[in-house]
Structures are given as structure tokens and as C-alpha cells.
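Working notes, beginning with the structure itself.
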Amino acid sequence: MIVWLNGTHGAGKTTTSKLVQQLIPDSRVFDAEKVGETLMDIEPGLPQTDNFQHWPPWRPLVVETARRVLDYTGGTLVMPMTVLVEQYWREISTGLAQHAIPIHHFVLHADQQTLRARIEGDTVLGRSLFRIDHLEPYAEASRTWLHKEAEVIDTTHLTPAEAAGQIAEAVQR
């Protein structure tokens with residue numbers, strides 16, 4: 001099974017994913033961003049884009065990597081990855097379904113003011129225009145399709161441990 005943690009930057013996906021992994025037996029964290037980083041390392045580079053998710057190979061490679069890891073290890077993959085383009089989510093979720101891999105899709109949500117404060121106050125990554133630039137696309141995806149496709153966990157007033165507990169409880173129901 002896959003526990004997919006979606007949401008924009010600053011919502012707490014990376015921190016929460018590590019805590020969820022500790023609460024779900026036989027689980028591992030797989031960050032699909034690493035697939036994008038591999039594509040970014042190809043020389044000469046792939047066509048210019050502002051986001052590796054726009055490269056058509058990224059989505060099926062995420063599916064194939066997740067499938068292969070699960071075939072090898074079994075258990076659960078906890079995947080913290082922002083996907084704000086509905087077509088891309090459909091490609092990934094359909095691809096996983098074709099391999100009979102169940103997905104528990106969660107969106108970690110926080111209000112715009114909280115997200116902006118978290119991004120600007122991030123002592124690990126620092127302030128990032130890339131992350132700030134994704135706040136409006138996240139808001140748009142939330143209004144139009146994303147919140148209908150997942151269980152929404154509002155992290156505005158939750159600690160990452162509290163969010164992880166809610167996710168683990170929902171998965172193990």
C-alpha cells in the first residue's frame with residue numbers, strides 16, 4: 001500500500017512522513033522527488049522546465065519505482081510529494097491502480113498565512129521563492145480538485161506528530 005502525503009511546501013509533508021513511517025509497521029519513506037533529481041542529472045539535460053514533474057517520464061517512473069520497491073519489500077510506502085496538476089495525479093494513481101496498489105491519499109493543509117510563515121522561517125532550507133511561488137497553484141488545486149481526491153488533514157494548528165497520528169489511525173482503520 002501507499003500512503004501519499006500531498007500538499008504544498010510548508011505543510012509538513014517531509015517531517016510528517018518520517019513520523020508516519022514510525023507508526024505504521026513495515027513501512028518505508030520514498031520521496032518521489034528523488035526520481036525527479038535523477039532526471040535532472042541526465043547530461044545533456046532534458047528540455048528546459050521549471051518543474052521536473054512536467055517531464056513525461058517522471059510520472060511513470062514514480063509508479064514503476066514504487067511498484068518495484070513494494071514487490072521487493074512488501075509493506076507500505078509513505079510518499080511525501082506535492083502533485084498539484086490533476087492530470088499528473090491521475091497518471092500516477094491510475095498507474096498504481098493498474099498494479100493493484102492501494103493508495104491512501106492525504107493532503108496536509110494549512111492556511112496561506114501559516115504556509116508563508118513556515119516557508120519564510122525555515123531554518124533548514126531557508127526562504128525559497130520556488131516554494132512561495134507554489135502557494136497560489138496549491139490554493140487553486142485545493143479549490144478545484146485536490147481536496148475532493150484526498151483526506152484533508154489541517155496542519156495549521158497541529159504538530160507533525162499529531163498529524164502523523166491522525167494519518168496512521170486513518171490508514172489502520
Side-chain angles (χ1 to χ4, degrees), residues 2-21 28-66 77-93 95 103 105-164 166-167:
I2 289 177
V3 176
W4 194 289
L5 304 185
N6 207 337
T8 195
H9 308 284
K13 296 179 306 299
T14 300
T15 302
T16 303
S17 68
K18 294 172 186 169
L19 297 169
V20 169
Q21 184 272 323
R28 292 165 176 75
V29 174
F30 166 44
D31 187 344
E33 187 166 331
K34 301 300 182 190
V35 174
E37 290 174 5
T38 297
L39 293 172
M40 290 167 59
D41 286 342
I42 293 173
E43 292 292 336
L46 298 176
Q48 184 64 33
T49 182
D50 65 340
N51 187 332
F52 59 72
Q53 291 186 16
H54 299 320
W55 286 324
W58 181 76
R59 281 102 53 203
L61 284 171
V62 166
V63 170
E64 187 62 16
T65 304
L77 289 181
V78 180
M79 297 182 63
M81 186 72 219
T82 301
V83 178
L84 300 180
V85 177
E86 184 175 11
Q87 175 190 335
Y88 298 173
W89 176 251
R90 297 268 176 256
E91 289 177 40
I92 291 167
S93 59
I103 308 168
H105 185 198
F106 296 90
V107 171
L108 301 187
H109 174 79
D111 62 59
Q112 291 283 314
Q113 181 179 348
T114 299
L115 291 168
R116 187 172 296 280
R118 288 178 185 172
I119 292 168
E120 291 180 358
D122 190 322
T123 58
V124 176
L125 297 175
R127 188 175 187 277
S128 163
L129 288 178
F130 177 86
R131 296 169 82 204
I132 288 174
D133 287 347
H134 281 79
L135 292 178
E136 183 50 41
Y138 167 73
E140 178 65 19
S142 297
R143 283 190 297 272
T144 57
W145 70 273
L146 184 58
H147 284 196
K148 297 173 198 159
E149 294 290 323
E151 184 170 338
V152 178
I153 307 289
D154 190 332
T155 66
T156 303
H157 302 292
L158 293 180
T159 67
E162 291 168 332
Q166 286 186 18
I167 292 164

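Please read all numbers here as calculations on a predicted model, not as lab measurements.
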Only one of Phe106, Phe30, Trp89 forms a ring-ring contact (aromatic ring centres under 6.0 Å, His included) with Trp4, so which one is it?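 When ring-ring contact (aromatic ring centres under 6.0 Å, His included) is applied between Trp4 and each of Phe106, Phe30, Trp89, only Trp89 qualifies.
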Please check: side-chain N/O of [X] versus main-chain N/O of [Y], any donor-acceptor pairing under 3.5 Å?
X      : Y      : answer
Asp111 : Thr114 : yes
Arg59  : Gln53  : yes
His147 : Val152 : no
Thr82  : Gly7   : yes
Thr65  : Val62  : no
Trp55  : Pro47  : yes

Report yes if some heavy atom in the side chain of [X] is under 4.5 Å from a heavy atom in the side chain of [Y]; otherwise report no.
X      : Y      : result
Thr38  : Asp41  : no
Leu19  : Ile167 : no
Thr16  : Pro80  : no
Ile92  : Trp58  : yes
Ile119 : Leu135 : yes
Glu149 : Arg90  : yes
Lys18  : Thr14  : yes
Gln21  : Val3   : no

Does the gap between the ring centers of Tyr138 and His9 come in under 6.0 Å?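 Centroid separation for Tyr138 and His9: 6.0 Å or greater.
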Nearest 0.5 angstrom please: [X] [atom1] to [Y] [atom2], how far?
X      : Y      : atom1 : atom2 : result
Leu77  : Asp31  : CG    : CG    : 11.5 Å
Thr15  : Leu5   : OG1   : CG    : 11.0 Å
Met40  : Thr49  : CE    : OG1   : 10.0 Å
His109 : Ile153 : NE2   : CD1   : 12.0 Å
Lys13  : Asn6   : NZ    : CG    : 7.5 Å
Ile2   : Met79  : CD1   : CE    : 5.0 Å

Which atoms form the tightest heavy-atom contact between [X] and [Y], and what is the distance?
X      : Y      : answer
Leu158 : Asp154 : CD1-O, 3.2 Å
Thr155 : Ala110 : OG1-CB, 3.8 Å
Ile132 : Glu120 : CD1-OE2, 3.8 Å
Gln112 : Ala139 : NE2-CB, 3.7 Å

State whether Lys148 and Glu86 are salt-bridged, where the test is any N-O pair (Lys NZ or Arg NE/NH1/NH2 against Asp/Glu carboxylate O) under 4.0 Å.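 No, this pair does not count.
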Is the closest basic N to carboxylate O distance between Glu136 and Arg143 below 4.0 Å?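 Yes, Glu136 and Arg143 are salt-bridged.
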Start with the C-alpha gap between Asp50 and Asp133, add the side-chain angles, then the distance that decides, and say whether side chain to side chain contact (heavy atoms under 4.5 Å, CB included) holds. CA-CA 11 Å; Asp50 65 340; Asp133 287 347; over 6 Å; no
Does either side chain, that of Glu91 or that of Gln87, offer a donor lying less than 3.5 Å from an acceptor on the other one?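 A pair is found: one side chain offers a donor N or O, the other an acceptor, under 3.5 Å apart.
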